[in-house]
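Have a look at the structure below before the remarks.
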2 protein chains.
Amino acid sequence: MKKRQDTKHIILQSATRLFQRQGYNGTGLNQIIEESGAPKGSIYYHFPNGKEEIALEAISVMRKLLLEGAEKDLSGRNSAVEAFEFYVNNIATVFDSGDCVEGLSIGLIASETASTHEKLRHACEMVFKDWQSLYANILEQYGFEKARAVELGITITAMIEGACLLSITYQNGNALRMVAKQLLVLLKK
Amino acid sequence: MKKRQDTKHIILQSATRLFQRQGYNGTGLNQIIEESGAPKGSIYYHFPNGKEEIALEAISVMRKLLLEGAEKDLSGRNSAVEAFEFYVNNIATVFDSGDCVEGLSIGLIASETASTHEKLRHACEMVFKDWQSLYANILEQYGFEKARAVELGITITAMIEGACLLSITYQNGNALRMVAKQLLVLLKK
DNA sequence: GTCTATACGTAGATAGAC
DNA sequence: GTCTATCTACGTATAGAC
């Protein structure tokens, strides 16, 4: 059917946005329904396993979007430094608007579920690993040796996640811009 | 009275632990009472403003503990690199035990409350700023010029918070150890 | 596929006895 | 200072008509 995919899709859209902003525990099923305008009775039709299943699919949506964005921003530059500087400064601008930031990371949902929902924890772990690999691959393309690229992949993932946390808390993107600046030192060859 | 302080204290102890592990939304008042063994009726006597007030005081407890620990680990070393390496590797060991990590940061509660509880958001912001200042001061003591020390203070705060997030998710402290290693590069003079 | 109604638990919070 | 009882709201989830 056509309607089937449409409704499921808009539920997932709203859920993704709400989970990113308010976290897993902070978001209710009722709120997702309300926000999306989807028919209330349809949630357990599309997601028989309830909230956890929605979160699992939402993480998968985030993963896809965030990785695509990263790949686009990071490719076709003249150097690793230039690529990551552009990429991180780009993220920074999102946090400047002040209110109602749609988190650009899965950091919140990851830390919430790490010790309570094994499935969700694992899904988040996979996303972080994807990022690390992507960053490492990009660095290899720019001439870093493999072992060093892997190390930097982990480090850059941590730096960006940490800076996103500071940026959300401070309500501006300055921490991310600072990280972008320090990458000049870290990526010096 | 004496009892007054005792009960309030044990409530705060449990609340601090639970908020760090499960977050603000993930922790119920009932659970705090249960965990602490405190008399159930006494919560609104000691904390008339309810859950938010408990969280506010819990953040203050975390702030004190974490800053004290950081100051101790970072002082009396031979160089900035040595100090931060010891400090970060020390944090890393806490995440190796696998299950039931008592978060060592306020990252979870900070990201949960950033867009929903202004008072709590602000309290977390102050803690992060304290960290930045502490790190910057330490770096100045080791001979970094002030402006550079401030930049690095922000960056190191982000790196550690991000690595804590990865460590919680991965259930081991390797990300933190990796960050410690990269500080060798970043703190080179 | 969608709707209404509702079950059932637990959340935070309050009142008033002790 | 502490206890019990209770209120109201909301959480997830289900049942069954349409």
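Note on naming: letters A, B, ... go to the chains in the order of the sequence lines (proteins, then strands), and numbering restarts at 1 for each one.
- R17(B) has a carboxylate O that lies under 4.0 Å from a charged side-chain N of E35(B), or vice versa, which qualifies the two as a salt bridge.
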**Prompt:** For D73(B) and N90(B), what are the C-alpha separation, side-chain angles and deciding distance, and is it a side-chain hydrogen bond (donor to acceptor under 3.5 Å, both in side chains)?
**Reply:** CA-CA 8 Å; D73(B) 283 357; N90(B) 211 12; 2.8 Å; yes

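- Between T7(B) and dT2(D) there is a side-chain N or O to OP1 or OP2 distance below 4.0 Å.
- A straight line from CD of Q22(B) to P of dA11(C) spans 11 Å, rounded to a whole angstrom.
- A sub-4.0 Å separation between OP1 or OP2 of dG1(D) and a side-chain N or O of Y45(B) is present.
- Note: OH (Y24(B)) to P (dA11(C)) measures 14 Å, nearest angstrom.
- Nucleotide dT14(C) holds its P atom 13 Å from the CD1 atom of I43(B), rounded to whole Å.
- Atom CG in N25(B) sits about 15 Å away from atom P in dC10(D), given to the nearest Å.
- The phosphate of dA13(C) (OP1 or OP2) has a side-chain N or O of Y44(B) nearer than 4.0 angstrom.
- Between E145(A) and R148(A) there is no salt bridge, since none of the side-chain N atoms of the basic residue sits less than 4.0 Å from a carboxylate O of the acidic one.
- Atoms NZ (K40(B)) and P (dA13(C)) sit 13 Å apart, rounded to a whole Å.
- No option in Q22(B), K51(B), Q20(B) other than Q22(B) meets the side-chain hydrogen bond (donor to acceptor under 3.5 Å, both in side chains) test with T27(B).
- Taking for each of S42(B) and T27(A) the nucleotide of DNA chain D with the nearest heavy atom, the 5'-most of the two is the partner of S42(B).
- Each of A38(A) and E52(B) lies near DNA chain C, and the nucleotide nearest A38(A) is the one positioned closer to the 5' end.
- The phosphate of dG11(D) (OP1 or OP2) has a side-chain N or O of N30(A) nearer than 4.0 angstrom.
- A salt bridge links K64(A) with E68(A): the closest approach of a Lys/Arg side-chain nitrogen to an acidic carboxylate oxygen falls below 4.0 angstrom.
- Judged by closest nucleotide on DNA chain D, L29(A) is the one of L29(A) and G41(A) placed further toward the 5' end.
- In this structure, CZ of F47(A) is placed 15 Å from C1' of dT2(C), rounded to the nearest angstrom.
- When the C1' atom of dT2(C) is taken as reference, atom NE2 of H46(A) falls 9 Å away, rounded to whole Å.
- Atom CD1 of I33(A) is separated from atom P of dA13(D) by 13 Å (rounded to the nearest Å).
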